[in-house]
Amino acid sequence: LEVTDPTLNEVAEGQYQVRDPVLSLPKMTYALGEPVVVSFNTGNPDKDVRNWVVGIYMRMANPQDGSLPPIVSIKLCGLLTCDTSVHAGTVVFSESAAINGDWPMDVDEYGTGYDVFILDEYGSEVTDAAMFNVDLDESYSSFVVTEELEVTDPT
């Protein structure tokens with residue numbers, strides 16, 4: 001019998017254990033607005049994960065057992081509503097994705113460093129964070145001139 005289930009680890013011949021949930025990103029740096037690809041494995045094929053999401057937070061923010069919502073999130077099935085549990089796969093954060101939140105994220109508000117987690121149905125993290133950065137090119141400017149001011153010498 002050959003077991004090819006990606007959620008199981010063979011610990012001895014014919015003996016298997018459930019893996020810990022994991023997620024990964026293929027690279028550490030993305031351009032502003034570039035789709036971010038996240039691969040995941042929930043580790044437990046018997047668990048109902050229809051309401052689990054991959055969530056993105058500011059660097060060093062912590063989901064705090066669900067009391068801090070992510071900046072943006074996407075369900076593991078990649079849709080707004082999941083009819084079945086998806087235990088291993090890939091989600092893509094992009095303008096065309098079925099996400100909760102705005103894409104691209106506002107780097108003026110959230111910065112350029114982010115942590116990614118798998119979150120359960122209560123918003124608690126079930127994985128350690130995977131990290132990525134947004135690289136801003138020279139054309140990016142967060143300063144907007146709204147009006148010109150005339151400065152006079154008070155002396």
Side-chain angles (χ1 to χ4, degrees), residues 3-10 16-147:
V3 175
T4 58
D5 187 335
T7 61
L8 300 176
N9 279 336
E10 186 170 23
Y16 298 89
Q17 70 181 16
V18 175
R19 289 186 179 179
D20 290 332
V22 293
L23 58 86
S24 63
L25 288 82
K27 58 185 188 173
M28 286 285 301
T29 304
Y30 293 83
L32 182 63
E34 177 182 0
V36 173
V37 178
V38 181
S39 297
F40 66 89
N41 188 320
T42 64
N44 187 343
D46 298 322
K47 190 144 189 82
D48 180 1
V49 297
R50 289 177 294 172
N51 292 314
W52 286 23
V53 300
V54 174
I56 299 178
Y57 289 82
M58 290 173 55
R59 176 72 38 84
M60 301 301 291
N62 183 301
Q64 302 171 18
D65 292 326
S67 64
L68 180 64
I71 299 166
V72 63
S73 64
I74 187 168
K75 289 195 173 199
L76 299 184
C77 70
L79 303 172
L80 293 176
T81 304
C82 300
D83 294 327
T84 60
S85 290
V86 176
H87 295 281
T90 301
V91 294
V92 179
F93 289 88
S94 69
E95 289 184 33
S96 62
I99 61 174
N100 181 13
D102 294 324
W103 193 266
M105 295 176 291
D106 184 348
V107 294
D108 290 331
E109 184 172 352
Y110 301 113
T112 58
Y114 299 95
D115 292 339
V116 184
F117 296 90
I118 295 178
L119 306 169
D120 67 15
E121 63 270 22
Y122 306 108
S124 297
E125 69 272 19
V126 296
T127 58
D128 290 334
M131 296 177 272
F132 74 93
N133 297 305
V134 171
D135 186 28
L136 303 176
D137 65 23
E138 296 80 35
S139 66
Y140 178 80
S141 173
S142 63
F143 299 101
V144 177
V145 176
T146 56
E147 65 180 82

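Looking at P35 and E95, their side chains never come closer than 4.5 Å, going by heavy atoms from C-beta outward. S73 places none of its side-chain heavy atoms less than 4.5 Å from the side chain of L119.
Interatomic distance, CZ of R59 versus CZ of F132, reported as 8.5 Å (0.5 Å rounding). D106 contributes atom CG, which lies 9.0 Å from atom CG of L32 (distance to the nearest 0.5 angstrom). A distance of 12.0 Å separates CG of N100 from CD1 of I71, quoted to the nearest 0.5 Å. One finds the OG atom of S94 at 11.0 Å from the CD atom of E34 (value rounded to the nearest 0.5 Å). Remark: W52 CH2 to K75 NZ distance equals 13.0 Å, nearest 0.5 Å. With rounding to the nearest 0.5 Å, the separation of OG1 in T90 from CG in L23 is 11.0 Å.
Within 6.0 Å of the CG atom in N133, the count of heavy atoms belonging to other residues, nucleotides or ligands exceeds 12.
Between F93 and V38, the shortest heavy-atom distance links the atoms CE1-CG2, 4.1 Å. Closest approach of G123 and P63 over heavy atoms only: O-CB, 3.6 Å. The shortest heavy-atom contact between F40 and V86 is CE1-O, 3.6 Å.
In terms of modelled atom types and a separation under 3.5 Å, the side chain of D115 and the main chain of M60 share a donor-acceptor contact.
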Worksheet item: Run the side chain to side chain contact (heavy atoms under 4.5 Å, CB included) check on V54 and V116 step by step: do they pass?
Response: CA-CA 7 Å; V54 174; V116 184; 3.4 Å; yes
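Each of F117, Y110, Y114 was compared with Y57 under the ring pair (Phe, Tyr, Trp, His ring centres under 6.0 Å) criterion, and only F117 meets it. Test V22, D128, T127 against I118 for side chain to side chain contact (heavy atoms under 4.5 Å, CB included) and you get one pass: T127. A side-chain hydrogen bond (donor to acceptor under 3.5 Å, both in side chains) with S85 holds for exactly one of D48, N44, N51, T42; it is D48.
Under the rule for a salt bridge (charged side-chain N to carboxylate O under 4.0 Å, His left out), D120 has no partner lying at least two apart in sequence or in another chain.
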